[in-house]
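Every chain is numbered from 1 and lettered A, B, ... according to where its sequence line falls, protein lines coming before strand lines.
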Number of protein chains: 2
Amino acid sequence: EGFVIRAVELNRSEGKITLDGVRDTPGMVSHLFQEMAGRNIDVNLIVQNSGPAGDAHVTFTVRREQLEAARTACEAVREKLGATAVEADANIATVSVIGVGMRSHTDVAARMFAALARANVNIDLISTSEIEIECVVRESEACRAHQALLQEFHPELE
Amino acid sequence: EGFVIRAVELNRSEGKITLDGVRDTPGMVSHLFQEMAGRNIDVNLIVQNSGPAGDAHVTFTVRREQLEAARTACEAVREKLGATAVEADANIATVSVIGVGMRSHTDVAARMFAALARANVNIDLISTSEIEIECVVRESEACRAHQALLQEFHPELE
Ligand SMILES: C[C@@H](O)[C@H](N)C(=O)O
Ligand SMILES: C[C@@H](O)[C@H](N)C(=O)O
């Protein structure tokens with residue numbers, strides 16, 4: 001498969017915002033993130049899935065000190081987005097596996113998720129890109145999750 | 001904000017699989033991706049959001065030639081995952097904005113989503129990492145989406 005693991009990372013400084021029932025029509029997330037930009041809220045992870053019923057589920061992370069400001073911003077646009085609910089959650093951590101040449105993520109993902117499962121860590125959110133797989137877990141499980149991944153990918157990280 | 005746009009990419013060679021109602025307990029996505037690994041299915045994007053009712057929504061992309069094999073694999077584990085539905089969709093395209101130093105994605109995301117909105121492109125799925133924002137759109141809107149992003153980020157790409 002040709003990929004090489006470069007790093008395993010832990011981020012405990014964020015909170016997440018979830019919007020449910022966002023109207024699945026053009027312009028909705030544009031409006032949401034224009035609002036974040038206008039209020040100088042720094043967004044890190046953004047994940048969106050679409051439901052079968054014309055609604056979408058959007059989650060994003062911010063530094064914890066900006067969590068309340070982000071929630072306020074979302075409440076301001078909630079109606080325009082058609083969102084049924086806005087929730088803020090400060091008790092998260094993110095663990096990431098970073099590599100190069102990750103054309104296929106299957107093996108890395110299988111190993112990462114298996115390591116977390118063996119540590120009995122529940123995966124709240126998954127986001128990927130060409131070089132990274134990120135999982136959001138409960139803050140209370142952060143250390144266990146991080147240790148599990150360091151152990152799994154230890155050989156390659158030497 | 002200190003980030004630099006490096007590339008705008010288009011990928012028209014994938015399909016996506018969506019599993020609804022996956023049990024939100026440890027071990028579920030591990031089982032799913034062990035199955036993919038065991039059948040040599042190459043997975044690219046993976047996105048998961050969790051619902052309020054102990055269920056999760058998992059979507060992943062594969063090359064179109066592997067879409068049916070991926071769907072078959074998911075059907076094989078569907079019951080064990082508690083998934084209510086498995087859907088395969090060949091008619092997608094992915095547009096990505098890649099940069100470095102993207103500590104905050106807010107401005108890039110706002111610009112990317114605004115450009116897609118102006119082109120009346122609907123965003124089906126969003127996935128992010130430190131250096132990349134990826135949006136899945138309809139295959140039929142691929143060109144329009146790609147053009148909109150090239151136009152928006154043109155200055156930085158020179
Ligand atoms: C849900 C949201 O992403 C919507 N589809 C949009 O394009 O803005
Ligand atoms: C939904 C799925 O990600 C589950 N939470 C798991 O950890 O496997």
Side-chain angles (χ1 to χ4, degrees), chain A residues 1 18 20 24-34 36-38 40-52 56-60 85 87 96 98 103-107 109-111 113-135, chain B residues 1 18 20 24-34 36-38 40-52 56-60 85 87 96 98 103-107 109-111 113-135:
Chain A
E1 210 179 70
T18 297
D20 261 314
D24 193 9
T25 55
M28 294 298 108
V29 288
S30 173
H31 193 66
L32 175 62
F33 288 96
Q34 305 281 358
M36 296 306 136
N40 291 313
I41 290 166
D42 292 333
V43 171
N44 185 12
L45 224 68
I46 304 168
V47 168
Q48 177 200 308
N49 250 318
S50 297
H57 187 127
V58 182
T59 302
F60 62 92
E87 297 192 4
S96 315
I98 298 160
R103 284 314 313 160
S104 167
H105 290 107
T106 311
D107 292 356
R111 288 172 63 192
F113 302 156
L116 294 173
R118 281 193 301 273
N120 205 33
V121 172
N122 197 50
I123 300 168
D124 271 0
L125 194 88
I126 302 167
S127 188
T128 49
S129 75
E130 202 168 314
I131 68 158
E132 190 171 8
I133 302 176
E134 302 195 58
C135 290
Chain B
E1 208 178 70
T18 297
D20 262 314
D24 194 9
T25 55
M28 294 296 109
V29 288
S30 172
H31 193 67
L32 175 61
F33 288 96
Q34 306 280 357
M36 296 306 135
N40 291 314
I41 290 165
D42 293 333
V43 172
N44 186 12
L45 225 69
I46 304 167
V47 169
Q48 176 199 307
N49 251 321
S50 294
H57 187 126
V58 182
T59 302
F60 63 93
E87 297 193 5
S96 314
I98 298 160
R103 286 313 315 159
S104 167
H105 290 107
T106 311
D107 291 357
R111 289 171 63 192
F113 303 155
L116 294 173
R118 280 193 302 273
N120 204 32
V121 172
N122 197 50
I123 300 167
D124 271 2
L125 194 89
I126 302 168
S127 189
T128 48
S129 76
E130 202 171 313
I131 68 158
E132 190 170 9
I133 302 176
E134 302 194 60
C135 290

> Using a cut-off of under 4.5 Å for heavy-atom pairs, which of B:Ser50, B:Ala109, B:Ser96 has the most such pairs with chain A?
Replying inline: B:Ser50
>> I'd like to verify something: which residue of B:Val58, B:Ile123, B:Ile46 has the highest number of heavy-atom pairs under 4.5 Å with chain A?
In response: B:Ile46
> Do you know the tightest heavy-atom contact between A:Glu130 and B:Glu132?
Replying inline: N-OE1, 3.2 Å
> For B:Ala114, is it the side chain, the backbone, both or neither that has a heavy atom under 4.5 Å from a heavy atom of chain A?
Replying inline: both
> Minimum heavy-atom separation for B:Asn49 to A:Leu125, with atom names?
Replying inline: OD1-CD1, 3.1 Å
> Any side-chain heavy atom of B:His57 sitting closer than 4.5 Å to one from A:His57?
Replying inline: no
>> Taking side chain as everything from C-beta outward and backbone as N, CA, C, O, which of these in B:Glu134 sits under 4.5 Å from a heavy atom of chain A? Side chain, backbone, both or neither.
In response: side chain
>> Given heavy-atom pairs under 4.5 angstrom as the criterion, report whether the side chain, backbone, both or neither of B:Leu32 touches chain A.
In response: neither
> Relative to chain A, which of B:Gly27, B:Ala117, B:Pro52, B:Ala110 shows the most heavy atom pairs under 4.5 Å?
Replying inline: B:Ala110
>> How long is the straight-line distance from CD1 of A:Ile98 back to OG of B:Ser129, given to the nearest 0.5 Å?
In response: 8.5 Å
> Atom OG1 of B:Thr106 and atom CG of A:Asn40: how far apart are they, to the nearest 0.5 Å?
Replying inline: 8.5 Å
> Side chain, backbone, both or neither: which part of B:Val121 has a heavy atom under 4.5 Å from chain A?
Replying inline: backbone
> CG of A:Leu45 to CD1 of B:Ile126: how many Å apart, nearest 0.5 Å?
Replying inline: 11.0 Å
>> So, taking the atom named CZ in A:Phe113 and the one named CE in B:Met28, what distance separates them when rounded to the nearest 0.5 Å?
In response: 13.5 Å
> Between B:Ala37, B:Cys135, B:Ala56, B:Ser127, which shows the greatest number of heavy-atom pairs under 4.5 Å with chain A?
Replying inline: B:Ser127
> Who wins among B:Thr59, B:Thr18, B:Asp124, B:Thr25 for the most heavy-atom pairs under 4.5 Å with chain A?
Replying inline: B:Asp124
>> Taking side chain as everything from C-beta outward and backbone as N, CA, C, O, which of these in B:Asp20 sits under 4.5 Å from a heavy atom of chain A? Side chain, backbone, both or neither.
In response: side chain
